[in-house]
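Just so we're on the same page: letters track the sequence lines, and every chain starts at 1.
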Amino acid sequence: MVSKECCRNEIRAAIRQLSDRCLYSAAKWAGEQVVGIEQDPSNFTPANTRFQRGSSSIRRRFSTNESISTPLPSVGFSQAATPLPEEDEAIDGDIYLLAKSYFDCREYRRASHMLRDQVSKKSLFLRYYALYLAGEKRKEEEMIELEGPLGKSDAINRELVSLERDLSALRRTGAIDSFGLYLYGVVLKEKGNESLARASLVESVNSYPWNWSAWSELQSLCTSIEILNSLNLNNHWMKDFFLGNAYQELRMHTESLAKYEYLQGIFSFSNYIQAQTAKAQYSLREFDQVEIMFEELLRNDPYRVEDMDLYSNVLYAKEACAALSYLAHKVFLTDKYRPESCCIIGNYYSLKGQHEKAVMYFRRALKLNKKYLSAWTLMGHEYVEMKNTPAAIDAYRRAVDINPTDYRAWYGLGQAYEMMGMPFYALHYFRKSIFFLPNDSRLWIAMAKCYQTEQLYMLEEAIKCYKRAVNCTDTEGIALNQLAKLHQKLGRNEEAAYYFEKDLERMDAEGLEGPNMFEALVFLATHFKNHKKFEEAEVYCTRLLDYSGPEKEKAKSLLRGIRMAQTGFPSMDLEHFPI
Amino acid sequence: MAGLTRTAGAFAVTPHKISVCILLQIYAPSAQMSLPFPFSSVAQHNRLGLYLLSLTKSCDDIYEPKLEKLINQLREVGEEMDAWLTDHLTNRFSSLASPDDLLNFFNDMRGILGSLDSGVVQDDQIILDPNSNLGMFVRRCILAFNLLSFEGVCHLFSSIEDYCKEAHSSFAQFGAPNNNLESLIQYDQMDMENYAMDKPTEEIEFQKTASGIVPFHLHTPDSLMKATEGIPYGLLHNRKETSRTSKKDTEATPVARASSSTLEESLVDESLFLRTNLQIQGFLMEQADAIEIHGSSSSFSSSSIESFLDQLQKLAPELHRVHFLRYLNKLHSDDYFAALDNLLRYFDYSAGTEGFDLVPPSTGCSMYGRYEIGLLCLGMMHFRFGHPNLALEVLTEAVRVSQQLSNDTCLAYTLAAMSNLLSEMGIASTSGVLGSSYSPVTSTASSLSVQQRVYILLKESLRRADSLKLRRLVASNHLAMAKFELMHVQRPLLSFGPKASMRHKTCPVSVCKEIRLGAHLISDFSSESSTMTIDGSLSSAWLKDLQKPWGPPVISPDSGSRKSSTFFQLCDHLVSIPGSVSQLIGASYLLRATSWELYGSAPMARMNTLVYATLFGDSSSSSDAELAYLKLIQHLALYKGYKDAFAALKVAEEKFLTVSKSKVLLLKLQLLHERALHCGNLKLAQRICNELGGLASTAMGVDMELKVEASLREARTLLAAKQYSQAANVAHSLFCTCHKFNLQIEKASVLLLLAEIHKKSGNAVLGLPYALASISFCQSFNLDLLKASATLTLAELWLGLGSNHTKRALDLLHGAFPMILGHGGLELRARAYIFEANCYLSDPSSSVSTDSDTVLDSLRQASDELQALEYHELAAEASYLMAMVYDKLGRLDEREEAASLFKKHIIALENPQDVEQNMA
């Protein structure tokens with residue numbers, strides 16, 4: 001375990017370096033983490049600890065002061081072996097400062113031009129970074145200007161070619177620092193050269209691990225666990241953050257949770273870690289826990305919009321209308337032009353059954369971010385509700401094309417086709433969905449239902465699917481009941497009895513009652529009576545007697561039959577009795 | 001779906017259009033005298049005008065030429081003033097220094113248009129009529145420019161810069177042509193020699209400007225009219241020429257080359273300008289046809305089209321038809337997973353409503369999309385990849401969904417696909433699959449055999465297609481029906497009592513009727529021809545022909561032949577037959593050939609195949625073309641001997657071996673096996689047999705034809721090795737398989753083989769019933785040639801019973817003789833001759849001395865024919881018999897000669913290794 005103090009000092013220096021290079025989102029991330037480290041109570045007055053959460057401005061001023069005053073202590077941990085790079089600020093001071101202000105005013109080209117003759121690594125980085133951003137900005141504009149009749153969008157960042165040329169030249173001569181390597185990686189990724197981009201990013205994070213943007217880029221390039229394992233990364237606590245995130249994206253939720261749990265030992269108050277943990281728990285469908293976590297998160301950071309779409313999903317699943325509307329209102333006031341906010345509002349309308357409005361807000365979210373995966377999927381759901389299956393299919397398909405591992409969208413596609421009465425076609429999509437999430441009973445049950453439709457009527461396959469669903473701990477208890485019924489239908493009474501018993505056990509354990517229970521009891525009683533196991537049959541019959549209705553009468557007559565069979569008339573044909 | 005809803009008529013200003021405008025300015029400068037400055041004659045002026053006309057027409061095409069190309073064309077058109085034209089063009093471009101210049105330029109353009117209502121026009125003034133083609137073009141350009149926002153003007157400006165820059169960079173190369181350009185020049189000079197005969201005066205000039213371009217001349221107005229209508233002049237001419245003159249082995253190459261080169265050209269063309277939706281759809285349609293026709297043959301690389309599709313998709317993400325093309329491409333390169341993926345993606349995005357012209361979009365219900373078409377395609381895909389059961393499931397679902405949505409068109413197609421599937425794949429039992437689903441049939445279907453189901457499905461599909469006026473489907477259904485009638489005895493469908501009256505015969509008349517009905521298509525396909533044909537692509541095809549090195553030498557205007565030929569081409573173009581139609585009609589010819597083959601008329605079969613190869617070879621899919629080749633080669637082997645056949649096979653191999661599921665290898669193995677049997681090289685024969693068996697898939701019910709073929713040949717090999725009981729075993733089990741999968745025609749030949757086996761093993765009595773059964777089979781299926789050979793076997797069997805049956809045997813033989821001599825192959829004829837001789841020799845009543853000539857004659861015939869076949873065993877027998885006859889006649893010299901011939905054959909038979917050397 002790395003010492004908190006060591007982490008804190010490293011991050012503090014990194015924040016300065018990052019924001020010096022205008023890598024603001026990385027600096028923001030780092031800032032969140034440094035605040036997340038639990039303060040040593042001995043160093044602070046109670047007033048300080050009270051401010052620990054929420055009012056970071058006070059403490060930040062405090063901490064930066066401190067970090068300047070104390071030189072970086074290199075605590076003897078092997079993990080923190082990466083030394084912080086020396087700064088060469090004094091050399092290009094004035095021009096750099098001016099360029100940075102241009103940059104801060106979003107005048108990227110001007111900033112880049114200002115730095116044209118500078119040779120220090122820092123100004124080189126800022127120069128290329130500004131150029132890259134200028135290209136990106138122009139690209140976005142062109143995308144709107146050029147939009148043709150067929151959705152033409154061949155706008156590209158025109159600076160990429162020259163950037164790649166210059167950066168690769170710099171890299172060859174070795175005149176590039178880890179920030180430059182990060183930028184080089186980004187450029188390569190945009191140009192589609194993934195393996196080289198990965199190499200460059202790995203080099204960057206190995207030499208300077210505190211740049212979270214580099215880690216995120218690297219994560220987006222790790223599309224499979226093999227790639228992830230093949231990366232040659234130095235050990236550093238930042239790597240744990242990276243791995244936690246990467247595991248999550250690769251749907252290895254328990255591994256990811258373990259990582260975050262470990263990190264929480266140091267960054268015990270980090271909002272980021274809490275949100276990430278909530279995400280993982282959400283994927284594991286622990287809604288109650290997730291809700292609590294998000295509530296706490298919002299208490300500490302009430303103006304947070306990031307990840308709040310997930311919270312809205314949870315509220316949606318729990319059908320908490322009021323809470324959802326409250327959340328929607330809050331994010332709307334905070335920043336209404338964020339895809340997340342639109343998504344939350346869409347969820348709210350969806351919950352209220354106003355699907356047209358929901359679609360409108362999802363569309364707005366997509367306008368803000370065309371690759372916003374969950375909006376596509378959610379929009380598909382809305383279209384399904386509106387019975388507009390072609391549109392739903394279109395939306396789901398877009399989600400799948402953005403991220404082919406999105407099992408929800410595959411599932412949605414299957415559902416849509418099933419709705420249109422094409423179960424065989426739908427099966428393909430269910431299969432795809434199950435491939436990515438083999439442990440979800442709902443998917444197996446959906447597939448089994450497909451096989452069960454009267455058009456296909458492939459009961460053997462349906463039974464196989466239900467069995468898989470049972471193995472995946474089917475929480476809704478559909479699978480056991482269906483298995484029993486299917487076996488009954490196929491005349492395999494032994495198997496049917498087995499599954500009815502299991503279903504009964506389950507219902508007893510969960511304290512449920514209902515028609516399924518009567519059905520199971522009646523079947524079991526009759527079954528055991530037919531097989532002359534009168535004691536078991538009696539047990540089930542007496543249980544049935546507890547309920548009123550036709551089942552009670554049935555139980556009575558069954559009991560009569562059992563008595564008759566037990567006493568005196570063993571040879572009597574059973575059919576003579578009204579069963 | 002979004003791609004459909006947007007407007008399709010966008011007309012954007014592009015740099016190319018600006019160059020056309022500049023040229024127009026030269027052509028019709030405002031306020032000028034009768035002949036503007038650079039032109040020295042009216043003809044020259046007209047020529048530029050016509051060139052501009054074709055340019056404006058081709059502006060609707062998907063591709064726009066680069067500046068370099070345009071300048072090249074100008075050189076051709078402009079003759080002596082080409083330098084001035086190009087200079088002016090490039091100068092004009094370089095004078096455009098800022099967006100404001102563009103604005104001024106278009107203001108100037110307004111000046112060259114005459115006013116709409118001014119009636120007073122001076123005679124010598126050149127004014128562009130605003131309603132003429134050129135005038136409309138200018139107006140459209142001006143309008144489009146005026147609609148541009150300032151950002152749009154800026155984009156136009158920067159793309160003009162690129163346009164000029166590219167041309168400059170290529171100018172540098174232009175002076176020194178590289179290698180492939182040089183080869184073009186050679187072509188060019190060939191043409192030039194031709195040309196020089198007509199117009200010697202211009203020769204020098206052309207030598208000077210020769211840079212890989214064919215001379216381009218259009219002097220007379222009427223030829224120009226046609227040219228601007230967009231006849232792909234060179235291409236058509238070329239096709240006609242080759243198909244008329246060529247033998248089967250040289251044909252089809254130039255066409256493949258031509259179309260692949262146009263494709264290549266278009267793929268290389270990187271400055272792809274996006275056009276209207278409709279144009280691109282039409283273009284993609286053409287590409288789809290190209291994929292289908294060339295399949296996966298080597299001339300057509302699937303990766304090049306893949307990269308092209310990638311590019312297109314990047315440019316137009318809403319154009320979903322790209323996915324369909326990708327699916328087609330993958331389908332033809334046998335990539336199952338990618339094909340499936342793309343197919344599903346296409347239908348997910350487009351809901352089956354984009355690009356399918358099965359039903360006009362107004363009638364289909366747009367709310368639901370047409371996913372049933374997706375099912376249909378998926379079913380056909382599974383079928384192609386050899387998953388008959390999956391395909392059947394999917395098609396069943398397609399039937400259900402189309403019924404639900406009452407999409408009769410799709411239903412008709414699906415039923416046709418289903419019957420096709422059932423008849424092609426040997427599915428032993430479909431009760432579990434079909435019975436439950438298809439309601440119109442369900443009531444009766446449960447007890448029906450597969451064949452009857454196919455029949456019902458076909459009838460049903462035909463009825464629907466007929467009522468919906470789907471001509472192509474009707475035609476192909478008729479063909480399928482013909483196929484069905486050819487192979488199956490018609491039985492009444494519903495009365496199944498044991499005493500139900502049955503006509504146990506196929507009906508050649510109805511086959512013929514169906515085929516003819518199928519071919520009716522050509523007369524009335526026009527009513528549903530595709531709406532996607534585009535004017536623009538034709539014009540640009542014509543423009544491309546400027547560069548075609550193999551274009552036609554220009555025909556001098558006063559030669560009499562020209563008129564008729566251009567007229568013919570014009571007609572040919574006006575009724576240009578869609579590829580699918582000519583494919584179907586081609587298929588009808590192939591079917592005709594197959595049916596004649598079965599009925600036993602070799603000349604008719606050959607003729608029909610030849611008709612197919614000459615007329616439809618260029619438009620057919622590669623697998624059909626291959627089939628035609630193979631038929632011809634088989635014919636050669638049967639009637640001309642192996643040498644010719646192998647020579648032809650070599651040609652075919654080069655052409656078709658790259659086609660997926662190529663049957664060339666199969667045919668090669670068959671021929672080799674046949675030859676090995678004849679030469680007595682049994683080991684080789686056995687090996688080839690095993691290889692044949694290995695070609696078939698291991699799945700049940702798939703590749704039945706191949707499996708039957710393999711075991712038939714195995715039995716024959718065993719027979720040749722004199723292992724009679726084993727041969728009989730193989731044949732018996734084969735018969736059982738044929739029975740199980742209802743392969744009636746194969747049954748007849750298996751029975752004949754069994755008779756043969758018994759004959760060879762000396763059990764003539766046992767052989768007789770088999771021979772008789774085979775004959776009765778042949779009769780009921782009208783297999784005349786097979787029947788003749790069965791009759792021959794029967795006669796042989798009779799003779800085997802003893803010489804007292806000679807008379808009966810001879811009678812039988814003489815009955816079959818007309819058929820055998822008229823249509824039989826070399827082997828059959830030789831066998832008949834030898835048998836006849838044998839009969840005469842063994843007949844105690846006739847003596848050799850009296851009619852030795854008949855005997856000798858037939859023996860001589862036989863040995864001649866066997867020579868070509870290299871069939872040593874029979875040849876030896878023939879020479880032996882000859883020697884015997886000569887001996888009896890006392891003609892000793894000839895006897896010795898025959899005897900030595902006999903010896904030679906026997907030696908060759910015993911040492912088959914010698915022959916093997918020159919076999920491969």
Side-chain angles (χ1 to χ4, degrees), chain A residues 138 141-156 158 192 363 370 380 383 386-401 404 409-410 412-414 416-429 431-432 450-451 453-458 461, chain B residues 1-3 5-10 12 149-152 154-155 158 272 274-277 280 311-312 314-320 323 340-341 344-353 366-372 374-375 378-379 390 393-398 400-401 404-405 432 436-437:
Chain A
R138 184 69 206 130
E141 288 164 3
E142 260 185 25
M143 222 134 61
I144 293 162
E145 286 167 18
L146 283 178
E147 195 163 48
L150 287 161
K152 173 182 174 180
S153 61
D154 59 341
I156 44 155
R158 288 174 189 282
R363 277 204 175 286
K370 227 196 293 186
Y383 278 127
M386 288 156 73
K387 301 269 177 290
N388 186 353
T389 28
I393 287 170
D394 189 273
Y396 284 133
R397 179 41 100 164
R398 275 169 209 277
V400 165
D401 279 348
W410 284 118
L413 276 172
Y417 279 111
E418 200 189 350
M419 268 171 61
M420 283 192 299
M422 296 160 70
F424 197 78
Y425 203 77
L427 275 176
H428 174 82
Y429 292 106
R431 248 177 249 137
K432 276 261 185 196
C450 232
Y451 277 120
T453 49
E454 55 182 316
Q455 292 102 323
L456 288 182
Y457 212 69
M458 295 157 85
E461 280 79 3
Chain B
M1 288 183 80
T5 54
R6 301 198 185 167
T7 49
S149 61
F150 186 74
E151 289 99 321
C154 289
H155 280 293
S158 55
L272 180 114
L274 269 186
R275 300 327 199 68
T276 61
N277 208 338
I280 297 177
Q311 197 184 352
L312 192 58
K314 219 185 275 168
L315 290 170
E318 299 290 335
L319 187 72
H320 305 311
H323 298 303
L340 177 66
D341 209 45
L344 294 179
R345 178 172 297 138
Y346 171 67
F347 280 102
D348 284 348
Y349 275 136
S350 69
T353 50
S366 56
M367 184 56 202
Y368 282 108
R370 283 205 230 94
Y371 295 99
E372 62 273 14
L375 286 170
L378 186 65
L390 265 180
E393 284 279 357
V394 175
L395 287 179
T396 314
E397 191 156 288
R400 205 175 46 236
V401 177
Q404 239 167 41
L405 304 177
S436 61
S437 56

Criterion ring-ring contact (aromatic ring centres under 6.0 Å, His included) against B:His323, the qualifying member of B:Tyr346, B:Phe347, B:Tyr349: B:Tyr349
Most chain A-contacting option - heavy-atom pairs closer than 4.5 Å, from B:Leu344, B:Val394, B:Leu378, B:Leu375: B:Leu344
Residues forming a side chain to side chain donor-acceptor pair (under 3.5 Å) with A:Tyr425, sequence neighbours excluded: none
Check each atom of B:Val401 against the heavy atoms of chain A and say whether the ones under 4.5 Å are side chain, backbone, both or neither. side chain
Heavy-atom distance under 4.5 Å to chain A: side chain of B:Leu390, backbone, both or neither? both
Would you check if A:Val400 and B:Arg345 make a side-chain contact, meaning some heavy-atom pair closer than 4.5 Å? no
Which residues pass the side chain to side chain contact (heavy atoms under 4.5 Å, CB included) test with A:Ala426, not counting sequence neighbours? A:Tyr417, A:Glu418, A:Phe430, A:Cys450
